[in-house]
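Every value quoted in this text rests on a predicted model; they were computed, and no experiment measured them. Letters go in sequence order (proteins before strands), and every chain restarts at 1.
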Amino acid sequence: LSEYAPPPNPNSDHLVAANPFDDNYNALSY
Amino acid sequence: MYAKGSKGSAVPSDSQAREKLALYVYEYLLHMGAQKSAQTFLSEIRWEKNIMLGEPPGFLHSWWCVFWDLYCMAPDCREACAPSSEPKAFPDF
Amino acid sequence: MYAKGSKGSAVPSDSQAREKLALYVYEYLLHMGAQKSAQTFLSEIRWEKNIMLGEPPGFLHSWWCVFWDLYCMAPDCREACAPSSEPKAFPDF
């Protein structure tokens, strides 16, 4: 993996591919 | 780049941006029908997380199209967009 | 959406946006080190055109990081960045 690759261990156990700029984003994330 | 730290403080974090982009690329691959590529991508970046997708076509595609529309509508870009100049014009825009 | 028509006129085109995004995603996968996923992606979408890559980390990564940086650096975001207020701050910004 290159230096630009994402970190191998994201903080969350669940990842939500929602619009991060959406008002409902955190409702989905949490 | 600032991440939202666990205590609410602003902490620079390129990794947060990279993590989000990888997530959206994964979603994009699935919505495009490239399931094998999507799964291979997860294994290559060593992610073993549960991932919830958004509705098709996904955030990356929608977000990209907004900016592509803006680019195509900009008067300077319409005038300048010969094929040879297009690749340079978009980052400049 | 406008495409660059074959006669040089500016004509809207969703397909052009999709094509560009696919190319940039491919470039992204390669520059991340996910070569296998990149090649699988091309075969799954049946890409048959020549590809010219940019320098690492590639356009998609750079483009995304610009917007993520702006989002994280906005004063309203820094002050208001409790988890519940973060999503609203960016559109305001």
Closest non-hydrogen atoms of A:Glu3 and B:Arg18, given as atom of the first, atom of the second and distance, are O-NH1, 3.9 Å
Would you list the atom pairs, donor with acceptor, under 3.5 Å between side chains in residues 31-38 of chain B and any protein atom, with sequence neighbours excluded?
{"unit_1": "B:His31", "atom_1": "NE2", "unit_2": "B:Gly54", "atom_2": "O", "d": "2.9"}
{"unit_1": "B:Ser37", "atom_1": "OG", "unit_2": "C:Ser37", "atom_2": "O", "d": "2.9"}
{"unit_1": "B:Ser37", "atom_1": "OG", "unit_2": "C:Ser37", "atom_2": "OG", "d": "3.2"}

What pairs of residues pass the side chain to side chain donor-acceptor pair (under 3.5 Å) test when at least one of them lies in residues 42-58 of chain B, not counting sequence neighbours?
-> none
Structural part of B:Glu27 lying under 4.5 Å from a heavy atom of chain A = side chain
Minimum heavy-atom distance A:Ala18-B:Tyr24, with the two atoms named = O-OH, 2.7 Å
State, to 0.1 Å, how close B:Leu23 and A:Leu15 come at their nearest heavy-atom pair, and which atoms those are.
-> CD1-CB, 3.9 Å
Minimum heavy-atom distance between B:Ser15 and A:Pro7, given as atom pair plus value = O-CD, 3.7 Å
Measuring from A:Asn9:CG to B:Ile45:CD1, what's the distance to the nearest 0.5 Å?
-> 10.5 Å
